[in-house]
2 protein chains.
Amino acid sequence: MAKATRAAERREDALSRERIVDAAIALLDEEGEDGLTFRALATRLATGPGAIYWHIANKSELVVAASDAIVARALGEVPAVATPHQAIRRIALAVFEAVDAHPWVSAPLSRAPWQTATLQIFERIGRQVQALGVPGRAHFTSASALVSYILGVSVQNAAQGRALEPEVDRAAFLGTTAAQWKELDADEYPFTRTVAARLREHDDRAEFLAGIDLILTGVAASR
Amino acid sequence: MAKATRAAERREDALSRERIVDAAIALLDEEGEDGLTFRALATRLATGPGAIYWHIANKSELVVAASDAIVARALGEVPAVATPHQAIRRIALAVFEAVDAHPWVSAPLSRAPWQTATLQIFERIGRQVQALGVPGRAHFTSASALVSYILGVSVQNAAQGRALEPEVDRAAFLGTTAAQWKELDADEYPFTRTVAARLREHDDRAEFLAGIDLILTGVAASR
DNA sequence: ACCTGAACACCGTTCAAGT
DNA sequence: ACCTGAACACCGTTCAAGT
């Protein structure tokens with residue numbers, strides 16, 4: 001190891017990929033997607049914007065690394081449970097809540113497919129699908145469907161949260177949306193108008209898990 | 001109607017929201033997401049960038065309007081079919097293929113929830129769910145799950161396509177990915193390694209529709 | 001090897017001035 | 001009412017120069 005490298009490692013304020021990613025996560029959480037700029041990040045790391053490029057290729061790679069870290073952390077905290085069905089629900093919920101807490105994860109998750117984060121979710125879900133005891137040829141399809149659904153809902157939910165003014169609470173928001181839906185054109189939106197009433201008692205997490213159960217029922221039926 | 005307005009309407013090169021959105025779609029299709037700038041758009045419309053702001057509030061609204069147009073067009077072309085199950089597959093496939101052909105639709109679709117496009121898909125799917133004859137309380141959950149899945153897969157698939165170099169064909173890409181999956185760490189990715197072989201015979205559309213069938217099986221079981 | 005920060009080549013958006 | 005285009009306030013990224 002070169003002398004210069006060791007010296008840099010010893011300084012606790014030395015730049016590193018890890019420190020940069022951590023600072024990026026903090027910035028994204030505090031200021032939102034638009035808050036992450038190389039200038040703001042450099043200021044936070046007490047350096048110039050150019051320094052970051054020695055450790056990371058570009059902004060896209062930085063955001064992907066940040067989202068990988070969030071997903072890895074979330075999956076690492078999923079507790080072991082008795083049945084594969086329960087395990088799948090736990091993994092799904094962990095992803096949902098991670099994206100809900102860090103809405104900026106949506107962008108890399110839906111922009112960079114089969115990155116580490118997606119692959120980790122796929123792997124974790126896939127193992128439980130295997131454990132369900134369905135035929136081998138159904139494994140890939142079932143795991144893919146579950147992962148697509150999980151990502152789809154999580155991304156949609158995060159967008160919902162982002163669109164909301166912070167001071168508007170969920171109940172008020174659902175009430176407003178329900179009212180809007182009821183005023184839609186009766187010929188164009190008959191279904192939406194009919195289910196608008198149901199929106200008031202809407203529970204995102206419960207609805208999300210109900211969808212998981214729907215898919216798992218379908219998977220079980222393929223036995 | 002004011003004289004000035006009528007005069008403008010008569011000139012075939014007069015600016016209008018519709019002409020702007022059409023030009024934006026063309027630009028997005030030809031140059032990709034980064035190709036849409038107010039300067040490029042203004043050049044194409046033979047005007048200055050400021051002129052556009054008279055008709056459209058900002059870039060976000062423009063991209064949402066463009067994606068709404070794409071989805072509306074795609075849904076408008078879905079043929080009527082015999083069974084609700086078949087109809088749901090057709091609607092799903094129409095969305096999938098629209099997003100595949102216009103990958104930039106992904107961004108507004110996953111960023112602006114319950115915009116016109118999402119609502120239209122929800123409505124169309126919902127009507128067919130009603131026709132399936134499941135109990136009323138299951139309508140909302142079933143339609144939501146289907147829409148989330150459809151959007152999830154479509155967005156993920158579009159990202160896949162965008163990541164690919166244009167000259168790399170699908171077969172070669174799947175081969176490379178399968179090879180990469182097989183070289184993953186055996187302890188960390190046992191499932192992914194196992195299903196890697198299946199990737200070579202992977203058919204995106206077939207896999208997508210298999211997922212739809214999975215959910216519909218689950219919906220039917222809730223009767 | 002790693003850091004600095006000015007500079008480059010862009011953006012979206014605004015706005016005074018025109019017609 | 002609608003259009004023009006210069007100007008403002010930013011960006012991500014590069015790179016010569018430093019240590």
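Labels below follow one simple rule: chain letters A, B, ... track the order of the sequence lines, proteins then strands, and each chain is numbered from 1. These figures come from a predicted structure and were not determined experimentally.
Within the model, atoms CG of A:L146 and OH of B:Y149 stand 9.5 Å from one another, a figure rounded to the nearest 0.5 Å.
Base-pair partner of D:dG18: C:dC2 (Watson-Crick or G-U wobble, both distances under 3.5 Å). The partner of D:dA7, taking Watson-Crick or G-U wobble pairs whose two distances both stay under 3.5 Å, is C:dT13.
Between the CD1 atom of B:I52 and the C1' atom of C:dT13 there is a distance of 11 Å, given to the nearest Å. Straight-line distance from the CG atom of B:L62 to the P atom of C:dC11: 15 Å, rounded to whole Å. Residue A:R39 contributes atom CZ, which lies 15 Å from atom P of D:dA9 at whole-angstrom precision. Spacing between atom CG of A:L41 and atom P of D:dG12 amounts to 10 Å, rounded to whole angstrom units. Between B:D34 atom CG and D:dG12 atom P there is a gap of 13 Å when expressed in whole angstrom units. Look at CG on A:L45: it is 12 Å from C1' on C:dC3, rounded to the nearest Å. Rounded to an integer number of Å, the gap from CG of A:L15 to P of D:dT19 is 19 Å. As rounded to whole Å, 7 Å separates atom P of D:dG12 from atom OH of A:Y53.
The residues B:E31 and B:R44 are annotated as not salt-bridged, no charged nitrogen and carboxylate oxygen being separated by less than 4.0 angstrom. The pair B:E123-B:R127 meets the salt-bridge criterion, with a side-chain N (NZ, NE, NH1 or NH2) lying under 4.0 Å from an Asp/Glu carboxylate O.
Of the residues A:D29, A:L27, A:I25, the one that meets the side chain to side chain contact (heavy atoms under 4.5 Å, CB included) test with A:L36 is A:L27. Each of B:L15, B:L62, B:L41 was evaluated against B:I56; a single residue qualifies, B:L62, per the side chain to side chain contact (heavy atoms under 4.5 Å, CB included) test.
Dashed line: the shortest gap from a side-chain N or O of B:H55 to OP1 or OP2 of D:dA1 is not under 4.0 Å. Checking the phosphate oxygens (OP1, OP2) of C:dC3, no side-chain nitrogen or oxygen of A:W54 falls inside 4.0 Å.
With D:dT13, D:dC3, D:dA6 as the candidates, the nucleotide lying closest to the side chain of A:N58 is D:dT13. Ranking C:dT13, D:dC3, C:dG12 by closeness to the B:A51 side chain, first place goes to D:dC3. Of the candidates C:dA7, C:dG12, D:dT14, the closest approach to any side-chain atom of B:F38 belongs to C:dG12.
Residue contacts shown for B:L36 are limited to sugar-phosphate atoms, with no base heavy atom under 4.0 Å away.
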